Amino acid sequence: MRIHVNESPPNFDGSMVALDIEMFGQKEGRLHLPEGTLASLQLCADAGDVWVFTEMDTIREAMESIQRACWIGHNIQYDLFHLRRFFPDLVTEHPIEDTMLLEKWLYNGYYDGFALKDLVRRYFGVHLDKEIRDEFETATEMTKEQIRYAADDAYWTFRTFFEQVRAGAEEDRDLTGYHEIDIPSVWSVLDIQPIKVNKESWITMVDGFDARAKELEAALGFNVKSVPQVKAAVLKATGIVLENTQKDTLEAMSGEIFEQILEVRKYRDAVSKYGYNWIEEHVDADGFVRSNWIVTGAETGRMASRDPNLENIPSKVLPEYREQFIQSKGCFTIVDISAQEPRILAHETQDKELLNVFKNKEDIHLIVARAAYKDDTIQKDDPRRKSAKSISLGTTYGLTSVGLSKKLNCSEDQAQEFLDNYFQKFPDIRLWIDSQRRKAQRDGYVTTASGRRCWISPYKFGRENNAINAPCQGGAADFTKLWVILFRAECKFAGIPSALANIIHDELVLDHPVEMQEIYHNLLESSLQAAAAKLYPDVPFVAEYSCGETWADKK
DNA sequence: CAAGGCCGCGCC
DNA sequence: CGGCGCGGCCTTG
């Protein structure tokens, strides 16, 4: 391999070019923030030469030289994010490939390492040394070794991509979903705007939680976060020997001590997980939060969010938190898909009754409640409707009577009866569950609506449940990704920004000027229906829309 | 003493 | 009963 440093780039028109950057001055956990300076750009379009550029003007020249090429990266989202900071005019939507996303498309659930190092080991049996990477944190100029290291990454990214394509073809794998869902999603997540929080109000709120936790904790006299201490205290106070100290377990008990423990824990967790530290770490000087979005975060194909995770901000337990997320452009539009997973279950199972529930625009949880309890008089406000939610949800998780009985705090026999009644009403669900389990056993994988393959490890505990859950959860992820892709395209066509500020699995949050509310509503709805028509043509999809000043302003 | 396993829990 | 990310406790070497 020849390394060309700061030479004039060749003609890359029409090529497949592996692209990789190195950055100076970045810190762990903050790689996704607009921090650090560009150290170098490496390009590789054949296995013989790598072109390394270390000066801003030669990097610009190199970026210009690849405008009519397809870019290949390993986690190219990272490279594009930083290159766009310095050369916004040269990093607009462009043909790309990604060896990490492709590897996940091919083998998610089969392997568990998806770093370039892992791929190079798998495909070529070569060990890549990554220790030199740490030097970039404090360096300001590249040494010979660093240039060599940087060149290696582009070289191996290039070779890996073609090896993956070869392997995929050999196994007769369909890459349509990778190209139509995961790859365009890179542009979707690059497009997610920072979201504003009310820092002062957040701190005041946490002050209150902290004071409450301290007061209650002092009265209890032991550490509620310590399993041994909680078990000992409960034993002493009630004589009960606890198997675990989980929320569900304690909630099922009656007695003052259980309520007190849960109360302290709630506020303790609030302060430690979403408290002063969260503000300090994640709220930038401008009052905005910038999360790291991961296109394929879960084995099912779901996205993930970290540093901070914006998908698990309390909403039910302490609704005050979502009030601290505030509009910065006028108002939020919050849209979520109603009963997303049950709709996908209807598509997967093709159960006539279940399909009819949605075709007739009926309330799924109410219908399930009436079936499970064999009582047609149940109405919307009946508590049994809420229990039925656990049955609907549980189906997609592979629930058993044991799990359901714990959730509903009833006997196993009773839970079994509810399930029997449920499957009697929706017989094809049970058939589908059996067929998924057999398929996972026979083929080693199940698939989602986009053709995404979820490998089910035969050695993993609970694999039968994964076989059922993966198509539902993964199919829901496919849907949301496609929805956002189509929505972005419609916004682009309309000449307006996509305004996307957060994605929470089946919910989108948009931050936009008040007068744009109607147009965004219309574009969200038309892209939603287009995504549904493509992936789930036989099930009607319905979304609920809200507008307001904060994320808590949801119907 | 740091590292890592485990538990517990927030969201969907 | 499925999927994540993350903080704290507690054991390990």
Side-chain angles (χ1 to χ4, degrees), chain A residues 29 108-109 222-231 242-251 261-262 264-278 281-282 291-294 296-319 321-322 336-342 344-345 389-408 412 415 419 433 436 440 446 448 454 456 460-477 479-480 502-509 551:
Chain A
N108 227 350
F222 60 92
N223 182 356
V224 293
K225 296 291 289 183
S226 162
V227 176
Q229 285 187 42
V230 169
K231 282 183 179 172
L242 288 174
E243 233 175 73
N244 60 57
T245 70
Q246 289 165 19
K247 195 176 176 178
D248 282 350
T249 308
L250 302 192
E251 269 175 353
I261 292 167
L262 289 170
V264 179
R265 267 199 203 158
K266 181 166 91 172
Y267 292 113
R268 262 250 153 280
D269 283 350
V271 176
S272 64
K273 294 182 86 165
Y274 315 99
Y276 307 111
N277 200 39
W278 196 97
E281 287 274 319
H282 301 304
S291 176
N292 185 6
W293 293 94
I294 298 141
T296 305
E299 286 183 7
T300 54
R302 256 197 187 175
M303 295 206 293
S305 156
R306 65 161 79 118
D307 301 313
N309 183 352
L310 288 180
E311 296 171 330
N312 72 344
I313 302 296
S315 70
K316 289 190 200 72
V317 170
L318 288 165
Y321 272 103
R322 295 198 174 194
D336 75 288
I337 298 166
S338 92
Q340 190 188 29
E341 290 196 17
I344 291 168
L345 186 68
K389 256 186 172 174
S390 297
I391 299 175
S392 289
L393 204 65
T395 308
T396 62
Y397 300 161
L399 99 169
T400 60
S401 58
V402 181
L404 186 63
S405 69
K406 280 181 188 155
K407 190 82 195 166
L408 300 185
E412 272 178 54
L419 285 177
I433 286 174
Q436 287 298 299
V446 291
T448 70
C454 304
I456 309 293
K460 201 169 148 185
F461 175 76
R463 49 176 272 282
E464 294 92 344
N465 296 331
N466 285 49
I468 297 150
N469 184 50
C472 296
Q473 189 188 107
F479 183 95
T480 302
N502 203 356
I503 305 175
I504 314 93
H505 306 300
D506 65 344
E507 171 186 350
L508 308 182
V509 179
W551 189 10

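All values below were derived from every heavy atom in this structure, side-chain atoms included, with hydrogens, water molecules and symmetry-related copies excluded. All of these numbers come straight from a predicted model, not from anything done at the bench. Residue numbering restarts at 1 for every chain, and letters A, B, ... go by the order of the sequence lines.
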In this structure, how many angstroms lie between the [atom2] atom of [N] and the [atom1] atom of [X], rounded?
X	N	atom1	atom2	result
A:K407	B:dC9	NZ	C1'	12 Å
A:R268	B:dG10	CZ	C1'	17 Å
A:N502	C:dG5	CG	C1'	14 Å
A:E464	C:dC1	CD	C1'	12 Å
A:W278	B:dG10	CH2	P	17 Å
A:K273	C:dC4	NZ	P	16 Å
A:E311	C:dC4	CD	P	11 Å
A:I456	C:dG3	CD1	P	9 Å

Subject >> Heavy-atom side-chain proximity of A:L393 to A:K407 below 4.5 angstrom >> reply: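 No, their side chains stay 4.5 Å or more apart.
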Subject >> Side chain proximity check, A:D248 to A:K406, heavy atoms < 4.5 angstrom >> reply: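 They are not in contact (no side-chain heavy atoms under 4.5 Å apart), so the answer is no.
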Is [X] near enough to [N] that one of its side-chain N or O atoms lies under 4.0 angstrom from OP1 or OP2?
X	N	value
A:T400	C:dC1	yes
A:R306	C:dG5	yes
A:T396	C:dC1	no
A:Q246	B:dG8	yes
A:N469	C:dC1	no
A:K247	B:dG10	yes
A:S226	C:dC10	yes
A:N223	C:dC9	yes
A:S315	B:dC11	yes

Original post:
Of A:W551, A:W278, A:Y274, which meets ring-ring contact (aromatic ring centres under 6.0 Å, His included) against A:Y321?
Top reply: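 The residue from A:W551, A:W278, A:Y274 that satisfies ring-ring contact (aromatic ring centres under 6.0 Å, His included) with A:Y321 turns out to be A:Y274.
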Nearest listed nucleotide, side chain of [X], among [options]:
X	options	result
A:A298	C:dC1, C:dG3, C:dG7	C:dG3
A:R322	C:dC4, B:dG10, B:dC11	B:dC11
A:L399	C:dC1, B:dG10, C:dG7	C:dC1
A:N244	B:dC12, B:dG8, B:dG10	B:dG8
A:V317	C:dG2, C:dC9, B:dG10	B:dG10
A:V402	C:dC1, C:dC9, B:dC11	C:dC1
A:N466	C:dG2, C:dC9, B:dG10	C:dG2
A:E507	C:dG3, C:dG5, B:dC12	B:dC12

Original post:
Is there a donor on the side chain of A:N309 or the base of C:dG5 sitting less than 3.5 Å from an acceptor on the other?
Top reply: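 Check fails, no donor-acceptor contact within cut-off.
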**OP:** Calculate, to the nearest 0.5 Å, the distance between atoms CD and OG1 belonging to A:E464 and A:T400 respectively.
**Re:**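 Result: 11.5 Å between the selected atoms.
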Please work out if [X] contacts a base, only the sugar-phosphate, or nothing of the nucleic acid, heavy-atom cut-off 4.0 Å.
X	answer
A:S390	nothing
A:L404	nothing
A:E299	sugar-phosphate
A:T395	nothing

Keeping [X] on the side-chain end and [Y] on the backbone end, is there a donor-acceptor pair under 3.5 Å?
X	Y	value
A:T480	A:H505	yes
A:S405	A:V402	yes
A:S305	A:P308	yes

Subject >> Paired nucleotide for C:dG13 [Watson-Crick or G-U wobble; both distances under 3.5 Å] >> reply: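 Pairing partner, where one exists within any strand: B:dC1.
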